[in-house]
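Numbers for residues simply follow the sequence, beginning at 1.
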Amino acid sequence: MSRKKKMGGKEVAFRPQTIIEARYDLDRRQNDILDILLGIVGEGDDTEENTRYEININDVKHLYNLQDESNAYSYLQKAVKKFEGLGFRLKEDEGTDIYYPWFSKIKYQKKRGDEGRSKIVLDLHPEVKEMIMSAKQGAYYRIEYPLNLTKKYSKRLYYLLKNKENFNGGTFVIPFDELRKMMKIPESYANSNVKREILDKPYEEINGNTDISFEYELIQERLPSGQKGIGAVRFKVKKVPRRRPTIVEYETIEQDGESVIATAEEQEVIDVFECNLKEAKDILRTAKANDRTHEQLFEILTYTMNKKVDNKVGYVLTILKNGYYEPLRQGGNRGSSWNNKDLNTTYEQLDIEAFEQQILSN
């Protein structure tokens, strides 16, 4: 092993710089699983040859604020299942990149009647294990902090900031395009929307809820198009006294004193749209009532996430009910479109600003 032995037990993880900077798109629960795994890798008597790891439910359920801990296995199982068929991509040199599966094998073992003894067994690709064990650069962090950040971009930025907190006094610059690619942001998304999602929202969440705080400055440059725009971001990271993070409850809400558990379908909406369980239920109910497909629903959720709309849920519900035409983009190119089969009026005939105000007033 080239790096020093990890200290702090299973609740401290080491995430190699190669994985921090790799291009991948994991939701917040998938990053939770990776954090738990990275807390186990290299711990105790772990050897370089070993590639099999067990996540035992009793060992990790205390990390979450689950009102009903009997659901801990189901909670983690849903997150791990999303890894099936997924991987990440590393750029080796100018002409070569490598794709790795996150796990070469996943085994689910549920103990009926004693869910606390249930476990999930994960096999790493040998080269991924070697990458973790031999990495000289990366971030050490207590997994309680990223586990309780609610937004996936907050987690990704947290890992990047932790990796750089001891570099050059915590000050570093990263090209904005590189940051976009690292976070897997589609090229079609406007920089103003990207800034809000990967900088502004993480700023509000990381500062005050973790062991670091940060400031950032946008560096304006002349872009290839000739216009001035965001060319890079300068970050300043500093350590803060260890604090107990704000615990976020993902799975349950209280309703008349009873726990309500999100279905897999509802949790998918929650993860993508960053809404609460009641809002997810309203969205799915409206989509089904108007015969919207899964693809149409998530097209609208993604579209709305990138618009400056105060009442995003109301905006989505209105489009799901009435259908829409995506407004003309600059240059006259139209995005995808679909309409309610019983609706003749299309949104392209509306003043979009007035339309948004109408929704907000409802």
Side-chain angles (χ1 to χ4, degrees), residues 13-41 53 55 60 63-64 74-91 97-106 108 120 122-125 127-129 131-132 135 138-139 141-163 174 178-186 189 194 197-199 201-202 205-206 210 248 250-251 262 264-275 298 301-302 305-306:
F14 172 77
R15 187 174 286 229
Q17 182 172 302
T18 48
I19 291 180
I20 291 172
E21 296 180 352
R23 300 179 186 180
Y24 58 85
D25 185 19
L26 298 182
D27 65 28
R28 65 193 186 201
R29 295 200 297 168
Q30 288 171 309
N31 269 306
D32 290 351
I33 297 298
L34 205 54
D35 284 332
I36 293 169
L37 176 67
L38 292 172
I40 302 172
V41 175
Y53 296 93
I55 296 180
V60 299
L63 296 169
Y64 294 93
S74 297
Y75 180 90
L76 293 172
Q77 183 188 41
K78 289 177 186 176
V80 174
K81 277 186 173 295
K82 291 185 177 182
F83 276 104
E84 295 175 6
L86 294 182
F88 62 98
R89 194 172 299 277
L90 297 179
K91 189 175 183 64
D97 62 1
I98 305 174
Y99 175 85
Y100 289 103
W102 283 110
F103 306 118
S104 58
K105 180 181 176 182
I106 301 173
Y108 306 94
I120 299 171
L122 304 171
D123 283 20
L124 284 172
H125 187 287
E127 291 185 21
V128 175
K129 170 62 182 287
M131 183 190 310
I132 297 170
Y141 54 92
R142 297 190 65 83
I143 64 176
E144 62 185 316
Y145 293 117
L147 247 61
N148 289 289
L149 295 174
T150 65
K151 298 174 176 60
K152 68 177 182 179
Y153 295 128
S154 295
K155 293 175 183 283
R156 287 298 305 272
L157 192 59
Y158 175 81
Y159 305 133
L160 177 64
L161 295 173
K162 286 294 291 183
N163 185 39
I174 183 169
E178 184 178 331
L179 192 59
R180 287 182 61 130
K181 290 175 182 176
M182 186 188 307
M183 303 284 191
K184 292 283 285 186
I185 304 293
Y189 287 11
V194 177
E197 295 300 322
I198 70 175
L199 293 173
K201 289 183 179 180
E205 192 169 33
I206 291 173
T210 69
V248 177
Y250 292 165
E251 283 293 316
E265 191 177 28
E266 291 163 352
Q267 191 63 48
E268 185 178 17
V269 173
I270 292 169
D271 288 339
V272 170
F273 199 55
E274 298 177 355
C275 60
F298 283 88
L301 294 180
T302 303
M305 285 290 286
N306 290 283

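Side chains of Y153 and K201 form no contact here, defined as non-hydrogen atoms less than 4.5 Å apart. For the pair L34/R15, a side-chain contact is recorded, criterion being any heavy-atom separation below 4.5 Å from C-beta on. Side-chain atoms of L157 and I198, non-hydrogen and from C-beta on, never get closer than 4.5 Å to each other. Residues L124 and L37 form a side-chain contact, since some pair of their non-hydrogen atoms from C-beta on lies under 4.5 Å apart.
The heavy-atom pair separating Q30 from A79 by the smallest distance is CG-O, 3.8 Å. Residues L26 and K152 approach most closely at O-CD, 3.6 Å, considering heavy atoms. Heavy-atom minimum distance, I20 versus M182: O-SD, 3.6 Å. Closest approach of E205 to S154, counting heavy atoms only: OE1-OG, 2.8 Å. Across all their heavy atoms, L90 and T18 have their closest contact at CD2-O, 3.4 Å. Residues F14 and I132 come closest through the heavy atom pair CE2-O, 3.8 Å.
Between the NE2 atom in H125 and the NZ atom in K105 there is a gap of 15.5 Å [rounded to 0.5 Å]. Distance check: I143 CD1 to I40 CD1 gives 8.0 Å after rounding to the nearest 0.5 Å. Here the CG atom belonging to L179 is positioned 8.5 Å from the CD1 atom belonging to I185, to the nearest 0.5 angstrom. Rounding to the nearest 0.5 Å places CE of M305 at 9.0 Å from SG of C275. The CD1 atom of I33 lies 12.5 Å from the NZ atom of K78; values are rounded to the nearest 0.5 Å. Rounding to the nearest 0.5 Å gives a distance of 2.5 Å between OH of Y53 and NZ of K129.
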Inset, instruction - Could you go through the side-chain contact (heavy atoms from CB on, under 4.5 Å) check for L86 and F103 one step at a time? - result: CA-CA 8 Å; L86 294 182; F103 306 118; over 6 Å; no
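Classified by interplanar angle (parallel below 30°, tilted 30° to 60°, perpendicular above 60°), the ring pair Y141/Y159 is tilted. The aromatic rings of Y24 and W102 lie perpendicular to each other, with more than 60° between the two planes, well past the 30° mark.
Among the candidates T150, D32, N31, the single residue satisfying the side chain to side chain donor-acceptor pair (under 3.5 Å) test with K155 is D32.
Judged by the 6.0 Å distance and 45° axis criteria, K81 is positioned over the aromatic ring of Y108.
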